[in-house]
Amino acid sequence: MIYTVFVHQVYLSSDTFHRKQLDRELSQETEIFTALAGIGNIDAIRTLIAEKQSIASPFTYHIQPISTQTASLSYPAALTGDQPYFELSDLKSGSSLLLDDDTILRIEINRDLLQKYREDLAPMMISGVALPVIVMIAGAVWFAVNIIQKLQRVNFAMNRVLCGEKNVKLAVSVMMMSLTFCLFI
């Protein structure tokens, strides 16, 4: 049971580590695009996005127009009526970057990549639980069968003694003799 809890913790830690690593890479990726956006080179950003999409990047890139709405902001943030705000949703696994006055770049962690990692991790963890359990069960079965065979020999010898047979001898292993010797000393 403790081993299963340990393996489960390893699974969670591995998944968390992978996620943190992707978050660090996402931060670095965002910094690159922020630097390019700071220069104002939108064409270089589009070219870089095309290059990154052509290779196996762990991120997805979306350039979208900013949708503005009017919303009544509550006190104390705004003391006067309606003001526009940018609809930048909180991305759980991504970031948004304002490119110019009317477009944003959304960089997100590829969900298929995360799902594939979890699918690859699950069989490893299951084998990490199942294999030792199978070995322990096999060991317990072998030990039980071995003890039962020895008890069966003792039982057979006792039956011969009860039937009146004389000079019944039971083979004793070297280990049993040393154990017996240690107990009587």
Side-chain angles (χ1 to χ4, degrees), residues 1-140:
M1 186 65 171
I2 293 172
Y3 182 74
T4 304
V5 171
F6 173 74
V7 169
H8 179 69
Q9 189 62 37
V10 168
Y11 175 81
L12 292 178
S13 298
S14 178
D15 190 42
T16 303
F17 175 77
H18 182 253
R19 184 60 184 243
K20 285 181 181 178
Q21 185 68 25
L22 284 175
D23 287 342
R24 277 192 292 263
E25 289 177 22
L26 177 66
S27 296
Q28 292 171 352
E29 195 80 4
T30 304
E31 288 174 9
I32 291 169
F33 283 102
T34 302
L36 286 174
I39 297 171
N41 197 347
I42 304 301
D43 292 331
I45 290 174
R46 292 181 194 273
T47 305
L48 185 59
I49 289 172
E51 287 175 13
K52 293 212 179 247
Q53 287 176 336
S54 67
I55 61 173
S57 175
F59 306 109
T60 57
Y61 307 90
H62 307 284
I63 296 178
Q64 300 172 335
I66 297 175
S67 62
T68 58
Q69 297 178 348
T70 56
S72 178
L73 299 174
S74 62
Y75 178 82
L79 297 173
T80 59
D82 296 332
Q83 295 184 2
Y85 75 100
F86 299 113
E87 185 183 318
L88 297 176
S89 64
D90 292 333
L91 297 172
K92 195 172 188 181
S93 60
S95 62
S96 294
L97 174 65
L98 188 61
L99 294 179
D100 54 19
D101 290 339
D102 59 347
T103 57
I104 60 169
L105 169 64
R106 292 188 184 202
I107 306 171
E108 298 176 348
I109 296 173
N110 190 344
R111 294 182 193 275
D112 294 335
L113 177 75
L114 285 175
Q115 188 62 30
K116 183 180 181 309
Y117 177 77
R118 288 183 182 135
E119 288 171 358
D120 290 346
L121 187 62
M124 287 188 290
M125 290 298 122
I126 289 172
S127 67
V129 170
L131 212 56
V133 168
I134 290 170
V135 168
M136 285 189 298
I137 289 173

Participant: Are the side chains of Ile49 and Phe33 in contact, using a 4.5 Å heavy-atom criterion?
Facilitator: yes

Participant: Does the Thr30 side chain pair with the main chain of Leu26, one donor and one acceptor, at a distance under 3.5 Å?
Facilitator: yes

Participant: Show the nearest heavy-atom pair for residues Pro58 and Glu25, with the distance to one decimal.
Facilitator: CG-OE1, 3.8 Å

Participant: Does Gln21 form a side chain to side chain donor-acceptor pair (under 3.5 Å) with Arg24? I'd like the steps, not just the answer.
Facilitator: CA-CA 5 Å; Gln21 185 68 25; Arg24 277 192 292 263; 2.6 Å; yes

Participant: Please report the closest heavy-atom contact between Arg106 and Ser96, naming both atoms and the distance.
Facilitator: CG-OG, 3.7 Å

Participant: Measure across Pro132 and Ser127 and return the closest heavy-atom pair with its distance rounded to 0.1 Å.
Facilitator: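 So the minimum-distance heavy-atom pair works out to CD-O, 3.7 Å.
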
Participant: When rounded to the nearest 0.5 angstrom, what distance separates CD in Glu29 from CG in Leu48?
Facilitator: 7.0 Å

Participant: Would Ile32 and Gln28 satisfy side-chain contact (heavy atoms from CB on, under 4.5 Å), going step by step from the backbone distance to the final call?
Facilitator: CA-CA 6 Å; Ile32 291 169; Gln28 292 171 352; 5.5 Å; no

Participant: Using 0.5 Å steps for rounding, measure from the CG atom of Leu36 to the CG atom of Asp43.
Facilitator: 11.0 Å

Participant: Mind checking whether Asn110 and Phe59 have side chains closer than 4.5 Å, heavy atoms only?
Facilitator: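 No, their side chains stay 4.5 Å or more apart.
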
Participant: Out of curiosity, Thr34 OG1 to Ile39 CD1, how far, rounded to the nearest 0.5 Å?
Facilitator: 11.0 Å

Participant: Answer yes when Arg19 and Asp15 have at least one side-chain N-carboxylate O distance shorter than 4.0 Å, and no when they do not.
Facilitator: no

Participant: Could you check whether the rings of Tyr117 and His18 sit parallel, tilted or perpendicular, using 30° and 60° as the cut-offs?
Facilitator: parallel

Participant: Tell me, with the steps shown, if Lys116 and Leu113 meet side-chain contact (heavy atoms from CB on, under 4.5 Å).
Facilitator: CA-CA 5 Å; Lys116 183 180 181 309; Leu113 177 75; 5.7 Å; no

Participant: Any chance you could measure Glu51, atom CD, to Tyr61, atom OH, to the nearest 0.5 Å?
Facilitator: 10.5 Å

Participant: Would you compute the distance between atom CG of Asp112 and atom OG1 of Thr60 and round it to the nearest 0.5 angstrom?
Facilitator: 9.0 Å

